[in-house]
**Q** 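Sharing a structure, written as structure tokens. Questions coming.
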Amino acid sequence: MQYKAVKLVKRPEVRITPDVFEVVSLETPALEAGQVLLRQTHMSLDPAMKGWMSADRGSYIPPVELGSIMRSSGLAEVVESRNDAFPVGTRLMGMIGWTEYAVSDGKGLSKVPPGIPAEAVLCVLALPGVTAWKGFMDLARPKQGETLVVSGAAGSVGSIVGQLGKHVGMRVIGSAGSQDKRDWLTGELGFDAAIDYKSPDLLQELTAVTPDGVDVYFENTGGPIQFATYQRMNAHGRIVVCGMISDYNAEKLSPGPNWINIIRKRLTIRGYTMPDYWDELPDLSRKVGEYLLAGKLKYRAHTLQGLESAIEGINLLFTGGNTGKLLVAL
Ligand SMILES: NC(=O)c1ccc[n+]([C@@H]2O[C@H](COP(=O)([O-])OP(=O)(O)OC[C@H]3O[C@@H](n4cnc5c(N)ncnc54)[C@H](OP(=O)(O)O)[C@@H]3O)[C@@H](O)[C@H]2O)c1
């Protein structure tokens, strides 16, 4: 059977342009013993892909080699099986790539229980949920009554962090780039306030909604909200650095705030990436899954249609054009 896949053939300069990809037509091979044929139903598009496309070998994960299928996580269904552990119909999630079909021996993939909608799997149970849980619940050490600021708050990770903050009993402030996103945060998700990180009066506006200062800053974006929040940090505050999307397409990286506040306020600043915690995934997924099934986590998906929509669509992440977790339905 013929199917389509997308290979990375060039490294992007600044913006991700279509010429860095090549759409190829491939033939599904005959399965060997132990293998399964997967039909991918939904693929995740993530800001980290920009880094994976670069030639940087000093990062937390090696780059995608030129000429190979672009890396991504996704949800797939077994459509042919020579492995008793994964009969036809089994749903699996994990790193599958920009492809309609893939052959696998199941290693590195997790079974997804039936009945959970595909969007819920990729918006919450997969990377966004475990990233939010690990960074916020474990590394930020949140406490009831404290104040949390989360940047990129309407995004897939940020929106879960903010909701977890409300479940802990914190005052939660989110920053987001559009009124629609800010209304969703305060109206649907129960954030105490949402602010526009592009506002010329950002520090003043942040000060007004953080009368008791900020105890936890969950960083997804960098940029002006980082400077403003850093000035509002309380003594013994915790900053968890999950992402810096404002720098991913920048020709010159932001210099960042001066370190003097780290001493004055005795701050802890902690960066993390999920590949360091792969062994904790079953436990993290179980915790996130319990919240999801209990109706404690809302989400919204921004779903593109068809494999090739990823080629332009990935840039929505960098313009803020995605309203919710960016997915491709195949
Ligand atoms: N450490 C880890 O292991 C890990 C794992 C997953 C994700 N992450 C990081 O977490 C962050 C959020 O990822 P996500 O998957 O949840 O994406 P997302 O927030 O769903 O989408 C990206 C959002 O970033 C915002 N953005 C884009 N350019 C910006 C800029 N220059 N300044 C401020 N905001 C900007 C846009 O929202 P607005 O409309 O609000 O501008 C956009 O919708 C990313 O930095 C990502 O790299 C880290």
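We count residues from 1, following the sequence as given. Every number for a ligand or one of its atoms is a count from 1 in the order of the listing. Predicted, not measured: the structure shown is a model, and the values here were computed from it. The analysis underlying the following values was restricted to heavy atoms, covering all of them including side chains, and did not include hydrogens, waters or symmetry mates.
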**Q** Looking at non-hydrogen atoms alone, which of Asp46, Val130, Val157 comes nearest to atom 7 (C) of ligand 1?
**A** Val157
**Q** May I ask you to say whether Arg232 pairs ionically with Glu205, meaning some side-chain N is under 4.0 Å from a carboxylate O?
**A** no
**Q** Could you tell me, atom by atom, which parts of ligand 1 come under 4.0 Å of a heavy atom of Met244?
**A** 45 (O)
**Q** Considering distance alone, does some N or O of Lys325 sit under 3.5 Å from an N or O of ligand 1?
**A** no
**Q** In sequence, state the C-alpha distance, the side-chain angles, and the governing distance for Arg238 and Asp215, and then conclude on salt bridge (charged side-chain N to carboxylate O under 4.0 Å, His left out).
**A** CA-CA 6 Å; Arg238 286 87 67 201; Asp215 302 289; 5.3 Å; no
**Q** Any nitrogen or oxygen of Ser156, main chain or side chain, under 3.5 Å from a nitrogen or oxygen of ligand 1?
**A** yes
**Q** Just distances here: any N/O of Gly222 and N/O of ligand 1 closer than 3.5 Å?
**A** no
**Q** Closest non-hydrogen protein atom to atom 19 (O) of ligand 1, residue and atom name please, with distance?
**A** Gly155 CA, 3.1 Å
**Q** Just jot down the ligand 1 atoms closer than 4.0 angstrom to any heavy atom of Thr221, in number order.
**A** 33 (C), 34 (N)
**Q** Under a plain distance cut-off of 3.5 Å, with no hydrogens placed, do Ser44 and Asp46 share a side-chain donor-acceptor pair?
**A** yes
**Q** What protein heavy atom is closest to atom 13 (O) of ligand 1, reported as residue, atom name and distance in Å?
**A** Pro47 CG, 3.6 Å
**Q** Looking at ligand 1, is there an atom of it that comes within less than 4.0 Å of some heavy atom belonging to Cys242?
**A** yes
**Q** When only distance counts, is Met274 in polar contact with ligand 1, meaning an N/O pair under 3.5 Å?
**A** yes
**Q** For ligand 1, which atoms have a heavy atom of Gly243 less than 4.0 angstrom away?
**A** 9 (C), 45 (O)
**Q** May I ask you to list the atoms of ligand 1 that are less than 4.0 angstrom from any heavy atom of Lys181?
**A** 37 (O), 38 (P), 39 (O), 43 (O)
**Q** With a 3.5 Å cut-off and no angle check, do the side chains of Asn234 and Lys265 form a donor-acceptor pair?
**A** no
**Q** Could you tell me the residue and atom name of the protein heavy atom closest to atom 36 (C) of ligand 1, and the distance to it rounded to 0.1 Å?
**A** Gly320 CA, 3.6 Å
**Q** For Gly177, is at least one N or O under 3.5 Å away from an N or O on ligand 1?
**A** yes
**Q** I need the full list of side-chain hydrogen bond (donor to acceptor under 3.5 Å, both in side chains) pairs touching residues 135-145, with sequence neighbours left out, sorted by first then second residue.
**A** Lys134-Asp138
**Q** Closest non-hydrogen protein atom to atom 29 (C) of ligand 1, residue and atom name please, with distance?
**A** Ile245 CG2, 3.7 Å
**Q** Judging by distance only, is a nitrogen or oxygen of Ser246 under 3.5 angstrom from one on ligand 1?
**A** no
**Q** Looking at Lys298 and Glu119, does any basic side-chain N land under 4.0 Å from a carboxylate oxygen?
**A** no
**Q** Starting from atom 11 (C) of ligand 1, locate the nearest protein heavy atom and write down its residue, its atom name and how far away it is, to 0.1 Å.
**A** Asn220 OD1, 3.5 Å
**Q** Roughly how far apart are Asn261 CG and Ile239 CD1, rounded to 0.5 Å?
**A** 8.0 Å
**Q** Looking only at distances, can you tell me whether any N or O atom of Thr273, backbone or side chain, sits closer than 3.5 Å to an N or O atom of ligand 1?
**A** no
**Q** Looking at ligand 1, does any of its N/O atoms fall within less than 3.5 Å of an N/O of Ser178?
**A** no
**Q** Using only atom types and a distance under 3.5 Å, with no angle test, would you say the side chain of Tyr248 pairs donor to acceptor with the backbone of Met244?
**A** yes
**Q** Check this for me, if you would: do Lys107 and Asp105 make a salt bridge, where the nitrogen-to-carboxylate-oxygen distance has to be below 4.0 angstrom?
**A** yes
**Q** Does Tyr248 reach ligand 1 with a nitrogen or oxygen that is under 3.5 Å from one of the ligand's nitrogen or oxygen atoms?
**A** yes
**Q** If hydrophobic clusters are built from ILVMFWY residues whose side chains come within less than 4.5 Å, do Leu122 and Leu326 share one?
**A** no
**Q** Tell me which one of Tyr197, Tyr277, Tyr60 gets a heavy atom nearest to atom 41 (O) of ligand 1.
**A** Tyr197
**Q** Between Asp212 and Arg171, is there a salt bridge with N-O shorter than 4.0 Å?
**A** no
**Q** Given the rule in the side-chain contact (heavy atoms from CB on, under 4.5 Å) test, do Ser159 and Tyr299 qualify, once you have shown the distances and angles that lead to the verdict?
**A** CA-CA 8 Å; Ser159 61; Tyr299 60 90; 6.0 Å; no
**Q** Please tell me whether Asp180 and Ser178 have a donor and an acceptor in their side chains that are separated by less than 3.5 angstrom.
**A** no
**Q** Considering only the protein, which heavy-atom contact is closest to atom 22 (C) of ligand 1, and what is its distance?
**A** Leu317 O, 3.5 Å
